[in-house]
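Down below is the structure, laid out as structure tokens.
Note that ligands are numbered from 1 as they come in the structure, with each ligand's atoms numbered from 1 the same way. Just so you know, residue 1 is the first one in the sequence shown, and it goes up from there. All heavy atoms count here, side chains included; hydrogens, waters and symmetry mates do not. Just so it is clear, the model here is predicted, and its values are computed rather than measured.
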Amino acid sequence: MDLKKFKTRNIYNEIEDGSITCKSPSNIALIKYWGKKDIQIPLNPSISFTLDNCNTTTTLTYQKKSTNDISFELFFDGNSKEEFEPKISQFFNRVIEYVPFLNSYHFKIDTTNTFPHSSGIASSASGMSALATCVVELEQKLSQEMSLNEIRRKASFLSRLGSGSACRSIEGPMVLWGKHSSIKESSDIYGIKLPIEINQVYNNYQDTILIVEKGQKLVSSSVGHELMNNHDFKTQRFIQASNRLTQIISALESGDLMGFIKIVELEALTLHAMMMSSDPYFILMRPNTLKIINKVWEFRKSTSIPVCFTLDAGANVHILYPKTFQKPIDNFIKKELLKYCQDGQFIADCVGEGVKII
Ligand code: 2P0
């Protein structure tokens, strides 16, 4: 693997201080990443929709210093957040060999999310991709050597070192991360905009996120990934994910919504089946997660509206559908599903275009 191209080359500009602000979205995987090796190398390729409304805005303020070490302070919604510091520290330590100029600055990181921290929506994808993009923008100010494509690649590459799924948040509307035989540009070390002609039925796809359970989940994704290493179904699961990726690409190109729905729901249930059959085993779905799934199936059967669900590593349910069906689905959600959400909470989101410099 050629990692040299991700190292900072020349620094031309002397910059004392300043700030950079980036806004980066979360993403929802359709083919799931569950299992990794080494430093954030996925054991199977994954595909995601980039989201739009669930995002993190991060301002990175930098000030030149004389010592040569990593130095930062972190503020979340204006308050100092020590509990998030280890994850940021780990990020800086992993990326420093690619962006050694970070050692010459003290950083203040100010971050806010559009979604509530305790809503059960993972903030690592949007948070880490926003921070990584700020870092790459600073490099560009110092060196002015990268093309837009190189900036995106490097932002995705560094994001991955912070959190695997974060590397899928740089671009939109769909991103592929992980080597797959049918797409030669695909890579294990960064995400790429899915290089296929996506059928227009997927334009402006909607994702209503039903908050079944707020708060911290009982088992972290890192532990879940780790448990795949000795999982009984490991070999078959990674082959299956690659095969499903081939199938979903075909459904995305042809506009075969029923084929798309089948793979998306299978992937969601397989992800949770992996958790339920690992050692130790665990369940992140809640009774209301299952009630919602059954209601979605009943509604789809009785109306033939192409709505489906997917799940993240938690109890919340993402309801996915084409924009054309917004009205009947809004009614369905309001009448039949919100009662299963904690405090009736949900987030109306849709596919988006990735990170933005503000
Ligand atoms: C995904 N998830 O593809 C899968 C499906 C959750 C369910 O990637 O350890 O926070 O930082 O690489 O990216 C969540 O795991 O894990 C995740 P790390 P990450 O979106």
Side-chain angles (χ1 to χ4, degrees), residues 24-51 54 56 84 86-91 93-95 113 117 120-132 156-170 172 174-178 180 186 188-191 194 207 209 216-229 231 237-238 240-242 244-245 248 263-276 278 282-285 289 309-318 320 349:
S24 191
S26 186
N27 66 76
I28 179 69
L30 304 174
I31 302 293
K32 308 293 184 182
Y33 150 58
W34 202 243
K36 61 179 170 180
K37 61 179 178 182
D38 306 330
I39 301 185
Q40 312 285 84
I41 299 297
L43 290 172
N44 67 262
S46 57
I47 279 189
S48 50
F49 270 142
T50 306
L51 295 178
C54 287
T56 298
F84 292 170
K87 185 107 189 164
I88 304 291
S89 217
Q90 182 188 54
F91 168 75
N93 281 305
R94 282 181 180 170
V95 303
N113 291 341
H117 169 55
I121 306 285
S123 58
S124 65
S126 54
M128 284 298 173
S129 53
L131 179 58
S156 177
F157 173 82
L158 297 183
S159 300
R160 185 197 106 247
L161 294 171
S163 178
S165 55
C167 78
R168 298 190 310 236
S169 281
I170 304 300
M174 298 194 76
V175 172
L176 165 65
W177 168 41
H180 189 260
S186 60
D188 281 345
I189 58 174
Y190 50 80
L194 189 61
D207 178 2
I209 308 166
Q216 213 74 18
K217 41 187 198 213
L218 296 171
V219 182
S220 74
S221 290
S222 311
V223 170
H225 285 295
E226 177 71 35
L227 291 174
M228 284 308 289
N229 289 326
H231 201 289
R237 163 61 195 152
F238 301 134
Q240 176 189 62
S242 280
R244 285 184 183 160
L245 203 135
I248 206 168
I263 298 162
V264 168
E265 293 190 344
L266 263 171
E267 271 297 292
L269 295 178
T270 305
L271 168 70
H272 285 258
M274 289 300 115
M275 301 173 190
M276 290 194 270
S278 62
F282 58 103
I283 302 181
L284 295 183
M285 290 188 284
T289 311
F309 71 87
T310 190
L311 305 168
D312 220 332
N316 298 337
V317 186
H318 291 244
L320 303 175
D349 211 336

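- Close contacts of ligand 1 with S163, meaning ligand atoms under 4.0 Å from a residue heavy atom, involve 10 (O), 11 (O), 12 (O), 13 (O), 18 (P), 19 (P).
- Using a 4.0 Å heavy-atom cutoff, K36 is listed among the residues neighbouring ligand 1.
- Listed for the R168 side chain is no donor-acceptor partner under 3.5 Å among the backbone atoms of S48.
- When only interatomic distances are considered, the shortest N/O to N/O separation between S46 and ligand 1 does not fall below 3.5 Å.
- Considering backbone and side-chain N/O of A166, none are found under 3.5 Å from N/O of ligand 1.
- In this structure, S186 contributes its side chain and H180 its backbone to a donor-acceptor pair below 3.5 Å.
- Close contacts between ligand 1 and S221 involve ligand atoms 14 (C), 15 (O) [criterion: under 4.0 Å to a heavy atom].
- Within the listing of ligand 1, atoms 8 (O), 10 (O), 13 (O), 19 (P), 20 (O) sit less than 4.0 angstrom from a heavy atom of S165.
- Neither the backbone nor the side chain of I28 comes within 4.0 Å of ligand 1, counting heavy atoms alone.
- For ligand 1 and A29, the ligand atoms under 4.0 Å from any heavy atom of the residue are 1 (C), 3 (O), 20 (O).
- Remark: side-chain polar atoms of Q90 are not paired, donor with acceptor, to backbone N or O of G162 under 3.5 angstrom.
- Remark: ligand 1 atoms within the under-4.0 Å shell around heavy atoms of Y33 are 1 (C), 2 (N), 3 (O), 4 (C), 5 (C), 8 (O), 12 (O), 13 (O), 18 (P).
- Within the 4.5 Å cutoff, the side chain of M275 has no heavy atoms near those of the V219 side chain.
- For H318 (side chain) and I28 (main-chain N/O), no donor-acceptor pair under 3.5 Å exists by modelled atom type.
- S124 counts as a contact of ligand 1, since one of its heavy atoms falls under 4.0 Å from the ligand.
- Between S46 and W177 there is a side-chain heavy-atom pair separated by less than 4.5 Å.
- Considering backbone and side-chain N/O of K32, none are found under 3.5 Å from N/O of ligand 1.
- Less than 4.0 angstrom separates some heavy atom of D312 from each of these atoms of ligand 1: 6 (C), 7 (C).
- The backbone N or O of H272 sits nowhere less than 3.5 Å from a side-chain atom of K32 that would complete a donor-acceptor pair.
- Contact annotation: the side chain of L245 approaches that of I47 to within less than 4.5 Å [non-hydrogen atoms, C-beta and beyond].
- Atom CD1 of I41 sits in a crowded spot, with more than 12 heavy atoms from other residues, nucleotides or ligands closer than 6.0 Å.
- Under a 3.5 Å cut-off, the side chain of S169 and the backbone N or O of P25 do form a donor-acceptor pair.
- Listed by number with element, the atoms of ligand 1 under 4.0 Å from a non-hydrogen atom of G164 are 11 (O), 12 (O), 13 (O), 18 (P).
- Where the criterion is an N or O separation shorter than 3.5 Å, residue side chain and backbone included, R168 meets it with respect to ligand 1.
- Contacts between A313 and ligand 1 below 4.0 angstrom, taking non-hydrogen atoms only, involve backbone and side chain alike.
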